[in-house]
Amino acid sequence: MFERPRMTKLDLVRYYDRVASAMMPHVGGRPLTLVRCGSGVAAGCMYMKHSKVWAPPALTRISVREKTKIGEYLVIETPEAIVALAQMDIVEIHTWNTRKEKIEYPDRIVIDLDPGDAIEWPTVVEAARLVRRLLHTLDLEGFVKTTGGRGLHVVIPLEPRHDWQACLAFARAVAAALVRHDPDRFTTTFGKRGRERQILVDYLRNNRTNTSVAAFSTRARAGAPVSVPVSWSEVTERLRPEAFTAATVPARLERQRKDPWAEYFTMKQRLPAKAVAALEGV
DNA sequence: GCTGCTA
DNA sequence: TAGCAGCAACGCAGT
DNA sequence: ACTGCG
């Protein structure tokens, strides 16, 4: 399926088999959008949103009311289902930020930091830490993960009680606050020109129908690392280890250093009342 | 990858 | 029966 | 309206 390094479908099966159980909590029970590369990655890939097409029996299906019609989506309920996706030539696994039980109420918001070409990695890390600090002022916790590309996601675990519009409004407010805080560094403008030196805060990815929040993806194409929750030791390694020793790490981060995502799945956060208004003052 | 039509 | 074509997303923003 | 983008 891949050239250089050569990777076959069997390799993909082995890989999914190895990571499936770790992936389950992130991708299970959610509507999927998949990237399929049927004739090898070089030949081009297709997005698969609805599940009208064939899928291995290990995948389950759900119907979701959409604007105009009812869409049928594939859902992962077991690790076997993940491995089965390899049989479908699925190379990227994207999920909604809602679980099937509460399809209109996201259980996470993702703040996507998408650096321009001239932005160095440490700057992205710094930005992610800034986002976390911003969230802390609202008594919210955020978890950092790699994206498979050059950026980072700050994931905010939520109790599924705010509809996606409320989540979108919140994400917009966070983005706006970041831009206000440092207009030279942050932008919400999509246009490529002029943002080489800026970090795009991409809040659109929180839209209900959005497909782009990949908890995991196999971006072997780009030679990028596989997207998994990143550990702080990993981040600091790439940052400047000597400048970020345990002595300088706040207790809160120190706790995360051990297992950054340990608390993630137990955390049931609510957006503070008037969170959007509160952010306007930041 | 699968289905369904055609040679 | 072998082979081929068609199929498999979407919405925002910028120009 | 069309294109780029993720």
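None of these values were measured; they are calculated from a predicted model.
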Review point. Taking atom OH of A/Y105 as the centre, does the number of heavy atoms from other residues, nucleotides or ligands within less than 6.0 Å exceed 12?
Key: no
Exercise for review: Verify the neighbour count for atom CD of A/E101: are there more than 12 heavy atoms of other residues, nucleotides or ligands below 6.0 Å?
Suggested key: yes
Review point. What integer number of Å spans the C1' atoms of C/dA9 and D/dC5?
Key: 14 Å
**Study point:** Spacing of the C1' atoms in B/dG4 and C/dA8 (rounded, Å)
**Key:** 16 Å
For [X] and [N], what is the distance between atoms [atom1] and [atom2] respectively, to the nearest whole Å?
| X | N | atom1 | atom2 | value |
| --- | --- | --- | --- | --- |
| A/L168 | C/dA13 | CG | C1' | 14 Å |
| A/Y47 | C/dA9 | OH | C1' | 9 Å |
| A/L85 | C/dA8 | CG | C1' | 14 Å |
| A/L74 | C/dA9 | CG | P | 10 Å |
| A/W54 | C/dG6 | CH2 | C1' | 18 Å |
| A/R36 | B/dG1 | CZ | P | 7 Å |
| A/L32 | C/dA9 | CG | P | 13 Å |
| A/L34 | C/dC10 | CG | P | 14 Å |

Measure from the side chain of [X], starting at C-beta and using heavy atoms only, and say which of [options] lies closest.
| X | options | result |
| --- | --- | --- |
| A/R172 | C/dA13, C/dG14, B/dG1 | C/dA13 |
| A/T189 | C/dA9, C/dG14, B/dG1 | C/dG14 |
| A/M46 | B/dG1, C/dC10, C/dA8 | C/dA8 |

Point to revise | Note: A/D11-A/R14 ion pair, threshold 4.0 Å (strictly below) | key: yes
Exercise for review: Determine which nucleotide pairs with C/dA8, using a 3.5 Å limit on both distances of a Watson-Crick or G-U wobble pair.
Suggested key: none
Exercise for review: Specify whether A/H26 and A/Y264 have parallel, tilted or perpendicular ring planes, treating 30° as the upper limit for parallel and 60° as the lower limit for perpendicular.
Suggested key: parallel
Point to revise | Option among A/L74, A/L59, A/L34 that satisfies the side-chain contact (heavy atoms from CB on, under 4.5 Å) test with A/S51 | key: A/L74
Check your understanding: Touch check for A/M88, heavy atoms < 4.0 angstrom, all strands: base, sugar-phosphate only, or nothing?
Key -> nothing
Review point. According to a strict under-4.0 Å criterion, is A/H50 in side-chain N/O contact with OP1 or OP2 of C/dA9?
Key: yes
